[in-house]
J.: 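Submitted below is the structure of interest, expressed as structure tokens.
Source: prediction; values computed, not measured. Below, chain A is the first sequence line, B the second, and so on; all start at residue 1.
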Amino acid sequence: MQFIGVLLDGIAYASLLFIISAGLSITMGLMQFANLAHGAFAMVGGYACVYGMNALGIPYLAMLPLAFLIAGVFGLVLELALYRRLYEASHLTQVLFTVGVLNVSAASAVFLFGAGSQPIHLPPYLQGQISFLDANISTFRLFTVVLVVAMAVVLASIVQLTRFGAQLRCAVDNRRAAIGMGINVDRLMTIAFTFGSALAGLGGALGVQLLGLDPSFAFKYLVYFLLVVVVGGAGSFVGPLLAALIVGILDTASRYYAPETGSFTLYLLMVALLVMFPNGLYGRAR
Amino acid sequence: MTRRLAAAACILAPLCYAIALPDYLVFGSQILVMALLAISLDLLVGYAGIATLGHAAFFGAGAYVAGLLSVHGWGEPLTGVLVAACAAGALGIPIGLLTARSGTLARLMITLGIAVLLYETANRAAGITGGADGLQGMEVWPLLGVFDFDLAGKIGFAYAWCTFVLGFILARFVVKSPFGLSLEAIRDNPLRAAGIGIPVKGRLTAAFVISAAIAGAAGAVLAQTTQVVALNVLSVQLSADVLVILIFGGIGRIYGGLIGAALYMGAHHWMSGLSPVYWQFWLGLVLIACAFLAPSGIMGLMAPRAGGRDT
């Protein structure tokens with residue numbers, strides 16, 4: 001495997017981690033809510049995608065926006081019904097609640113779709129490889145990266161250019177001041193949570209091929225999502241993007257070049273980074 | 001007075017269990033080990049206000065130290081536990097120093113990361129630890145040179161109970177001491193605690209060492225009574241389980257660990273027998289309900305703390 005191939009694999013992996021973790025970064029930054037169940041929304045997207053394609057025959061490209069919508073609806077309902085009541089609770093209560101959500105989602109996935117991992121059949125135009133700089137790049141990975149970059153540009157424009165984005169940045173920086181200025185932070189949170197869940201759903205649907213999908217998905221990748229957000233700095237986008245690239249490329253590279261070390265390098269780097277930057281690379285002191 | 005009664009009940013309850021369910025003594029010793037682990041975690045989470053997702057690191061370190069000692073020719077159980085507790089406590093020093101400055105989230109991730117590093121190390125160093133197959137071939141000598149560990153687990157249970165009682169009394173002594181009060185002060189407001197002259201970093205590191213030593217002793221007892229050390233003593237799953245047990249039982253109350261461990265492991269044993277998926281589903285629902293209805297755990301329902309903040 002050439003270096004450039006490993007690099008691109010790592011970037012594809014990183015873009016999935018980023019698109020799934022972006023919503024988590026906002027909700028953690030906005031409300032300091034320790035949401036360990038964020039991966040469950042990615043799982044909703046993934047299962048919706050597989051079910052829609054295999055059982056209903058909906059094409060893949062149509063399923064991606066549908067997965068985005070379905071996961072968003074799940075997020076909206078859960079936020080309104082359960083999550084918002086716990087924003088003021090202690091971190092440990094939030095941990096208890098979200099671990100509960102994780103367990104229920106994993107068990108529900110087994111009930112509904114069985115315990116095995118889910119197969120996905122990509123359309124022919126996304127299979128195969130493209131030659132680029134003497135390296136063979138899988139078309140699907142390229143598609144993933146391009147789509148995520150496009151989403152990231154949209155996301156960054158919303159946050160930087162719109163009125164909603166300005167309110168969001170304000171509330172992340174100082175929630176009390178934002179409330180004092182008349183910003184409806186609760187509504188902001190509902191929108192951010194819904195949007196974040198929807199993005200995770202899209203990431204889950206995209207990731208069925210590369211990350212795999214089985215009922216333990218949300219548990220298996222929980223550490224990675226948290227890693228991206230906490231190392232990057234909750235509340236920002238640039239931080240998690242950087243952290244996702246570090247995690248994605250390092251993890252892929254160590255799997256290719258030094259499989260015997262396992263995830264050792266990754267966690268060593270994470271501990272070192274967190275000791276040096278306790279608030280994350282782009283985080284603010286609180 | 002009520003507190004003394006509660007402590008006595010906590011110490012005696014396992015004996016009632018042993019009389020009521022003499023066929024399940026091995027399971028009973030596992031509950032006691034988990035309860036002791038949860039109590040040691042309570043010192044950190046409930047009293048010092050340090051959230052950690054890597055408590056299995058200390059438990060596993062203790063288990064491996066005790067296991068390796070007996071594999072390599074020193075099977076005396078009591079000294080084994082002591083050495084294991086010292087080793088785990090020593091491990092608590094760097095971890096305590098590394099996390100003393102961090103916020104909650106960073107602390108969770110650093111402790112988690114260190115636990116995963118230890119897990120990977122034990123997994124890769126198969127020549128020493130047995131890797132994924134577990135550490136086999138432990139020969140534990142009779143307790144006090146007289147009582148041999150039997151298959152029915154009578155001696156094992158008595159041994160686990162004695163360790164539990166000692167650990168419980170030590171933990172209770174620590175939280176009632178001026179040192180324990182200073183931990184609560186740091187938990188409630190680290191800046192003010194520093195302002196009135198409490199050496200925050202030193203106290204938090206000391207709390208880590210004490211908690212780690214108790215956790216290590218619990219791990220050593222598990223290794224000695226089961227005569228095998230499986231890799232999962234270091235797993236993230238165990239760290240998460242014991243945190244859930246503690247929050248479920250009630251944080252910052254010492255008794256919460258025992259109640260949480262007994263209920264959690266009892267329900268796990270019963271429902272996993274029916275179907276592992278049932279267990280996961282109902283556990284999830286109970287945890288969600290618990291977050292809304294009893295945020296300070298079972299103990300919080302039974303004995304609300306006057307004026308205390310449940311963090």
J.: Quick one: which of A:V231, A:V99, A:L274 has the most heavy-atom pairs under 4.5 Å with chain B, could you say?
T.: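 Heavy-atom pair counts peak at A:L274.
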
J.: Would you sort out whether A:F97 and B:L287 count as a side-chain contact (heavy atoms from CB on, under 4.5 Å), showing the intermediate values?
T.: CA-CA 6 Å; A:F97 166 67; B:L287 295 184; over 6 Å; no

J.: To the nearest 0.5 Å, how far apart are CD in B:Q280 and OG in A:S105?
T.: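 If we round to the nearest 0.5 Å, B:Q280:CD and A:S105:OG are 8.0 Å apart.
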
J.: Please classify the contact of A:V275 with chain B as side chain, backbone, both or neither, using a heavy-atom distance under 4.5 Å.
T.: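 Interface part for A:V275: both.
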
J.: What part of A:L102 lies closer than 4.5 angstrom to a heavy atom of chain B: side chain, backbone, both or neither?
T.: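 Neither; nothing under 4.5 Å.
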
J.: Would you mind checking which part of A:V101 comes under 4.5 Å of any heavy atom in chain B, side chain (CB onward), backbone (N, CA, C, O), both or neither?
T.: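 Both parts, backbone and side chain.
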
J.: What heavy-atom pair brings B:M109 and A:M270 nearest, and what distance separates the two atoms?
T.: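 Scanning both residues, the minimum pair turns out to be O-CE, 2.7 Å.
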
J.: Using non-hydrogen atoms and a 4.5 Å limit, figure out which bit of A:L273 sits close to chain B: side chain, backbone, both or neither.
T.: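 Neither part, no heavy atoms under 4.5 Å.
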
J.: Hey, what do you get for CD1 (B:I110) to OH (A:Y267), rounding to the nearest 0.5 Å?
T.: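 The OH atom of A:Y267 is 14.0 Å from CD1 of B:I110, to the nearest 0.5 Å.
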
J.: Would the number of heavy atoms belonging to other residues, nucleotides or ligands and lying under 6.0 Å from OH of A:Y51 be above 12?
T.: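 Counting neighbours around OH of A:Y51, 12 or fewer heavy atoms of other residues, nucleotides or ligands fall under 6.0 Å, so no.
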
J.: Using heavy-atom distances under 4.5 Å, tell me whether A:A89 contacts chain B through its side chain, its backbone, both, or neither.
T.: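 The answer is neither part of A:A89.
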
J.: At a 4.5 Å cut-off on heavy atoms, which part of A:F219 comes close to chain B: side chain, backbone, both, or neither?
T.: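 Only the side chain of A:F219 comes within 4.5 Å of chain B.
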
J.: Got a second to check how far B:I247's CD1 is from A:H91's NE2, nearest 0.5 Å?
T.: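 B:I247 atom CD1 to A:H91 atom NE2 measures 12.0 Å (nearest 0.5 Å).
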
J.: Which bit of A:L96 comes within less than 4.5 Å of chain B, counting heavy atoms only: side chain, backbone, both or neither?
T.: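 When you check distances to chain B, atoms from both the backbone and side chain of A:L96 fall under 4.5 Å.
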
J.: Under a 4.5 Å heavy-atom cut-off, does chain A meet the side chain of B:V116, its backbone, both or neither?
T.: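 Just its side chain gets close to chain A.
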
J.: Measuring from atom CH2 of B:W279 to atom CG of A:N103, what distance do you get when rounded to the nearest 0.5 angstrom?
T.: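 Rounded to the nearest 0.5 Å, the CH2-CG separation comes to 8.0 Å.
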
J.: Might you confirm whether atom CZ of A:F113 has over 12 heavy atoms from other residues, nucleotides or ligands at distances under 6.0 Å?
T.: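 Counting neighbours around CZ of A:F113, more than 12 heavy atoms of other residues, nucleotides or ligands fall under 6.0 Å, so yes.
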
J.: Starting at CD1 of B:I251, measure out to CG of A:L92 and round the result to the nearest 0.5 Å.
T.: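 It is 4.5 Å, given to the nearest 0.5 Å.
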
J.: Determine the interplanar angle of the A:F111 and B:F281 rings, folded into 0 to 90°, and report it as parallel if under 30°, tilted if 30 to 60°, perpendicular if over 60°.
T.: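 A:F111 vs B:F281 ring planes: perpendicular.
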
